[in-house]
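Reading through the structure tokens given below for one structure.
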Amino acid sequence: MIHSMTGFAVVSQEIGPRTVTVQMKSVNNRTLDVYVKFQGVAVDFEQSLRDAVKARIQRGRVDVWIE
């Protein structure tokens, strides 16, 4: 298990005719702040995504971009 609060990851997956790319960046912070941004779409599962991040990360600022 990684214990650093600083990190960056990008993953892309083809789903049917579309390609979905997810980028995550985390930096040090005393509390847990999760920011989720979707490019060009309204999404119903934003809170579920925030809850999934919070279940695995205890502190830091986490930015999640989905396009």
Side-chain angles (χ1 to χ4, degrees):
M1 174 180 270
I2 298 173
H3 295 284
S4 174
M5 285 180 277
T6 302
F8 179 78
V10 177
V11 66
S12 292
Q13 177 73 43
E14 289 188 28
I15 301 174
R18 300 179 188 263
T19 300
V20 177
T21 301
V22 177
Q23 295 183 34
M24 291 183 73
K25 178 183 82 169
S26 66
V27 293
N28 189 13
N29 197 8
R30 277 194 270 171
T31 61
L32 178 60
D33 297 319
V34 179
Y35 298 92
V36 179
K37 297 187 182 188
F38 298 94
Q39 182 174 356
V41 293
V43 180
D44 295 332
F45 61 89
E46 181 176 347
Q47 188 59 47
S48 298
L49 180 59
R50 286 178 192 273
D51 293 342
V53 171
K54 288 179 180 182
R56 298 194 181 267
I57 298 175
Q58 295 175 355
R59 57 182 279 204
R61 177 190 164 112
V62 180
D63 295 310
V64 182
W65 295 277
I66 300 176
E67 32 178 307

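Applying the side chain to side chain contact (heavy atoms under 4.5 Å, CB included) test between Arg61 and each of Thr31, Asn28, Val34, Val27 identifies Val27 as the sole match.
Remark: Gln47 CD is packed, more than 12 non-hydrogen atoms of other residues, nucleotides or ligands lying under 6.0 Å away.
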Audit row: Lys37, Asp63, side chain to side chain contact (heavy atoms under 4.5 Å, CB included) steps and yes/no
CA-CA 8 Å; Lys37 297 187 182 188; Asp63 295 310; 5.9 Å; no
From CA spacing to verdict: side chain to side chain contact (heavy atoms under 4.5 Å, CB included), Ile66, Leu49
CA-CA 11 Å; Ile66 300 176; Leu49 180 59; 3.7 Å; yes
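Cluster annotation: Phe8 is not connected to Val62 through the hydrophobic network of ILVMFWY side chains, with a link wherever side-chain heavy atoms come within less than 4.5 Å. Placement of Met24 and Val10 in two distinct hydrophobic clusters is found when ILVMFWY residues are connected by side-chain heavy-atom separations under 4.5 Å, directly or transitively. By the criterion of side-chain heavy atoms lying less than 4.5 angstrom apart, applied directly or through intervening Ile, Leu, Val, Met, Phe, Trp or Tyr residues, Trp65 is not grouped with Val36; the two fall into different hydrophobic clusters. There is a path of hydrophobic side-chain contacts, each under 4.5 Å, that joins Ile57 to Val64.
Remark: side-chain polar atoms of Thr21 are not paired, donor with acceptor, to backbone N or O of Glu67 under 3.5 angstrom. Side chain of Arg59 to main chain of Asn29: a donor-acceptor pair is present (N/O by atom type, distance under 3.5 Å, no hydrogens or angles).
Here the straight-line distance linking atom CZ of Phe45 with atom CZ of Arg50 works out to 12.0 Å at 0.5 Å rounding.
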